[in-house]
Amino acid sequence: MKHLFTAKLNWASKKTPVDLTKKLYSKSHQIQIEGKPILDISAAKAFKGDPELYNPEDLLLSSLVSCHMMSYLYVCSQNGIEVLEYLDNAEAKLEVSEDGSGRFVEVVLNPKVKISNSDQIQLALTLHEKANQLCFIANSCNFPVLHNASCEV
């Protein structure tokens with residue numbers, strides 16, 4: 001089964017005379033997905049973007065964190081584990097080459113899960129691997145998505 005997702009990008013030049021001499025473009029733009037609020041996006045601050053807006057790197061990491069959690073909750077439900085809380089403080093490592101190109105080289109998810117049954121802690125920890133195998137976003141990445149999970153009751 002295949003699904004189609006669409007996004008519309010809207011950007012217009014906002015150059016000022018000073019910008020023209022520096023040959024800089026505004027990096028701020030909008031992404032519109034039908035039926036959803038518009039996302040205001042820019043480049044990361046390190047790449048001369050607006051630090052108050054989301055950037056593509058934020059959104060990629062957010063997609064991985066969110067997809068892993070949803071996949072994890074799915075496999076926990078299949079295994080009779082009641083999840084009470086799920087927190088994650090994920091990190092993404094990006095390397096920039098001398099030519100200006102770059103890529104993510106690693107993402108580390110740090111899920112902290114609270115479950116209702118202490119007898120299921122070990123199973124709950126091992127299910128992160130299964131969740132990673134099911135995660136649509138992790139399956140689409142060409143860099144490792146690692147897990148440093150913890151679980152408590």
Side-chain angles (χ1 to χ4, degrees), residues 1-78 81-115 124-125 127-151:
M1 176 181 293
K2 293 183 181 182
H3 299 274
L4 177 66
F5 294 86
T6 62
K8 178 181 177 184
L9 184 139
N10 185 15
W11 175 88
S13 178
K14 296 175 184 146
K15 285 189 163 193
T16 64
V18 173
D19 293 329
L20 292 173
T21 60
K22 294 182 180 179
K23 298 183 181 176
L24 295 176
Y25 287 100
S26 166
K27 307 250 170 68
S28 297
H29 57 283
Q30 293 183 325
I31 299 285
Q32 184 176 0
I33 298 170
E34 189 175 334
K36 298 177 183 176
I38 291 172
L39 288 172
D40 290 311
I41 300 173
S42 189
K45 181 181 179 181
F47 308 116
K48 299 179 177 59
D50 184 338
E52 294 183 14
L53 300 179
Y54 292 109
N55 60 64
E57 296 81 9
D58 291 335
L59 298 174
L60 178 64
L61 180 58
S62 298
S63 295
L64 277 165
V65 172
S66 180
C67 189
H68 182 79
M69 183 207 64
M70 289 185 282
S71 297
Y72 182 74
L73 293 175
Y74 171 73
V75 295
C76 282
S77 69
Q78 286 186 317
I81 295 176
E82 181 184 14
V83 178
L84 303 174
E85 290 181 17
Y86 186 106
L87 304 170
D88 199 336
N89 289 303
E91 297 178 345
K93 294 179 185 171
L94 177 81
E95 289 184 357
V96 179
S97 302
E98 289 182 23
D99 67 1
S101 67
R103 64 185 292 268
F104 281 95
V105 295
E106 177 182 273
V107 166
V108 179
L109 304 180
N110 296 295
K112 296 181 187 247
V113 179
K114 185 182 271 189
I115 62 173
L125 288 169
L127 289 177
H128 285 283
E129 184 177 328
K130 179 66 175 172
N132 190 62
Q133 292 170 359
L134 295 175
C135 177
F136 303 155
I137 308 301
N139 286 328
S140 302
C141 295
N142 65 351
F143 52 84
V145 178
L146 308 173
H147 305 92
N148 183 22
S150 65
C151 185

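No experiment lies behind these values; they were computed from the predicted model shown. Atoms considered below: every heavy atom in the structure, side chains included; atoms not considered: hydrogens, waters and symmetry mates.
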Tell me whether E129 at atom CD has more than 12 heavy atoms from other residues, nucleotides or ligands lying less than 6.0 Å away. no
Can you tell me how far apart OG (S66) and CG (L59) are? Round to the nearest 0.5 Å. 11.5 Å
Atom CD of E91 and atom CG of L146: how far apart are they, to the nearest 0.5 Å? 11.0 Å
Within the supplied structure, the quantity of interest is the number of heavy atoms (other residues, nucleotides, ligands) at a distance under 6.0 Å from Y74 OH; does it exceed 12? no
Looking at every heavy atom in both L64 and C141, which two are closest together, and how far apart are they? CD2-SG, 4.0 Å
What distance do C151 atom SG and K114 atom NZ have between them, rounded to the nearest 0.5 Å? 10.5 Å
Would you say that more than 12 heavy atoms from the other residues, nucleotides or ligands in this model lie under 6.0 Å from the OH of Y86, or not? yes
Below 4.5 Å, heavy atoms only, C-beta onward: do L73 and M69 meet side chain to side chain? yes
Could you check whether atom CD of E106 has more than 12 heavy atoms from other residues, nucleotides or ligands sitting under 6.0 Å from it? yes
In terms of the angle between their ring planes, are H68 and Y72 parallel, tilted or perpendicular, with boundaries placed at 30° and 60°? parallel
For the student: nearest non-hydrogen atoms of L109 and V145, plus distance: CD1-CG1, 4.0 Å
Is the backbone N or O of S97 less than 3.5 Å from a side-chain atom of S101, with the two atoms forming a donor-acceptor pair by type? no
Step by step, would you call E34 with T6 a side-chain contact (heavy atoms from CB on, under 4.5 Å)? CA-CA 8 Å; E34 189 175 334; T6 62; 5.5 Å; no
Looking only at heavy atoms, which two atoms of A43 and N55 are closest? And how far apart? C-CB, 3.7 Å
Does atom NZ of K130 have more than 12 heavy-atom neighbours, drawn from other residues, nucleotides or ligands, at distances under 6.0 Å? no
When rounded to the nearest 0.5 angstrom, what distance separates NE2 in H147 from CG in D88? 8.5 Å
Taking all non-hydrogen atoms of both residues, which atom of E57 and which atom of A44 are closest, and how far apart? OE1-CB, 4.0 Å
With heavy-atom distances below 4.5 Å as the criterion, would you say the side chains of N10 and Q32 are in contact? no
To the nearest 0.5 Å, tell me how far K8 NZ sits from I38 CD1. 8.5 Å
Just checking, is any N or O donor in the side chain of N89 or N110 under 3.5 Å from an acceptor N or O on the other one? no
Considering non-hydrogen atoms only, spot the tightest contact between G49 and S42 and give its length. CA-OG, 3.4 Å
Examine distances only and state if a side-chain atom of N132 and a backbone atom of H128 form a donor-acceptor pair shorter than 3.5 Å. no
Quick one: does S26's side chain have a donor or acceptor within less than 3.5 Å of a partner on S28's backbone? yes
About how many Å separate OG of S71 and CZ of F136, when rounded to the nearest 0.5 Å? 7.0 Å
Can a donor-acceptor pair be found, under 3.5 Å and without considering hydrogens, that links the side chain of D50 to the backbone of K27? no
F143 atom CZ, neighbour heavy-atom count above 12 within 6.0 Å: yes
List the atom of N142, the atom of R103, and the distance in Å for their closest heavy-atom pair. O-NH2, 3.3 Å
Can you check whether D58's main-chain N or O pairs, donor with acceptor, with S62's side chain at less than 3.5 Å? yes
Q78 atom CD: more than 12 heavy-atom contacts under 6.0 Å: yes
